[in-house]
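Whatever order the structure lists them in is the order used to number ligands and atoms, beginning at 1. Model, not experiment: these values are computed from the prediction.
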Amino acid sequence: MQQEASQCAEMIKKANAIALLSGAGMSTNAGIPDFRGPQGLYKRAGIPDPERIFDIEYFYRDPSLFYSFHRELLKALDAAKPTFAHFFFAALEKKGKLLGIVTQNIDALHQRAGSRKVYEIHGGIWESHCTKCGKAFDYETSKRMTFEEEIPRCDNCGGVIKPDIVFFGEPVKHIDECFDLARKADFFFVVGSSLVVTPAAMIPSATSGEIVVVNKGEVSEFYLPSSRVALRVDADIDEFFRSVNEELKLL
Ligand code: OAD
Ligand code: ZN
């Protein structure tokens, strides 16, 4: 890993326009489970076809499945703090080296670490809306209702409330800006993602720069332009970026 870290540090020194696509693996060290890792939500859910937890059609039929998992996520979020790697990418932006981040995560840990240009392609939980009348609910209100009721309902019309997370079957957010960022990047990081969910998994293919993938475990190569992958690091994200930082002394 040390040699890979040195190589990565050299690439960062030369780069001027870095971009990052991050996934759930970025936050497991903060105590938030990923989806497809060995301890992932989909593995532990113990139900057939676990992706239906975030399927919009299924949500309309039975919102209680999503909410039973959402309560656990909210508890984990309360205790979570940004990890070393989150701070590392925030420091790269402050140094003027990083253009922006596309994150599939809804935990806001990039922003809490100080990153400013963050596209939450799968939305977030900071606002919720009634699926019937569209009334907006802020984070604190929707969170309170999530713990008080099995299925939070709108006080205006009785409709089911849904956080602004992008479910399967819904359009992702900021897609043009995400591809634009990838095109402008001269160095593209993929960190903590299995790259199986589209269109997020297609974004790295838009960059003309070199790609570095840091992920423990399998990464789908279906959309990844393998000729541009300069480095594939199969290691713990925070351990790896600590090693990279040993050479760069950003933090
Ligand atoms: P996944 O759970 O599919 O992939 C996370 C990857 O991170 C796995 O390959 C893990 O092995 C790896 N990993 C976990 N912890 C790590 C660590 N400390 N160091 C290195 N690697 C680690 O998560 P995503 O690719 O983000 O969508 O999943 C994409 C989307 O699928 C999510 O945004 C979510 C989900 O359905 C929605 O909810 C809409
Ligand atoms: Zn309503």
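Contact between Tyr42 and ligand 1 is present, with at least one heavy atom of the residue lying under 4.0 Å from the ligand. A heavy-atom separation below 4.0 Å is found between Gly192 and ligand 1. Heavy atoms of Phe168 approach ligand 1 to within less than 4.0 angstrom. Judged by the shortest distance from any of its heavy atoms, Asn29 lies inside the 4.0 Å radius around the atoms of ligand 1.
Identified under the ring pair (Phe, Tyr, Trp, His ring centres under 6.0 Å) test for residues 190-215, with sequence neighbours left out: none. Pairs of residues two or more places apart, or lying in two chains, never qualify as ring pair (Phe, Tyr, Trp, His ring centres under 6.0 Å) while including a residue from residues 202-223.
Between Leu99 atom CG and Lys117 atom NZ the span is 7.0 Å, to the nearest 0.5 Å.
Residue Asn105 places no N or O, backbone or side chain, under 3.5 Å from any N or O of ligand 1. Considering backbone and side-chain atoms together, Ile237 places an N or O closer than 3.5 Å to an N or O of ligand 1. Polar contact check, Ala24 against ligand 1: a nitrogen or oxygen pair lies under 3.5 Å apart. The shortest N or O to N or O distance between Gly23 and ligand 1 is not under 3.5 Å.
Put simply, Leu181 and Phe89 are part of two different groups of oily side chains (I, L, V, M, F, W, Y) that touch within less than 4.5 Å, one to the next.
Partners of Phe167 according to the ring-ring contact (aromatic ring centres under 6.0 Å, His included) rule, which considers only residues two or more places apart in sequence or in another chain, are Phe54, Phe59, Phe66.
With a cut-off of 2.8 Å, the protein N/O/S atoms near the Zn ion (ligand 2) add up to 4.
A centroid separation of less than 6.0 Å is found between the aromatic rings of Phe187 and Phe189.
If you look at Ala235 next to ligand 1, the close heavy atoms, those under 4.0 Å, all belong to the backbone. For Val197, every heavy-atom contact with ligand 1 shorter than 4.0 Å involves the side chain, none the backbone.
Short contacts between ligand 1 and Glu218, defined as distances under 4.0 Å to a heavy atom of the residue, involve ligand atoms 9 (O). Annotation for ligand 1: atoms under 4.0 Å from non-hydrogen atoms of Thr28 are 14 (C), 15 (N), 16 (C), 17 (C), 18 (N).
With distances taken over non-hydrogen atoms, the option nearest atom 10 (C) of ligand 1 out of Asp55, Asp34, Ile56 is Asp34.
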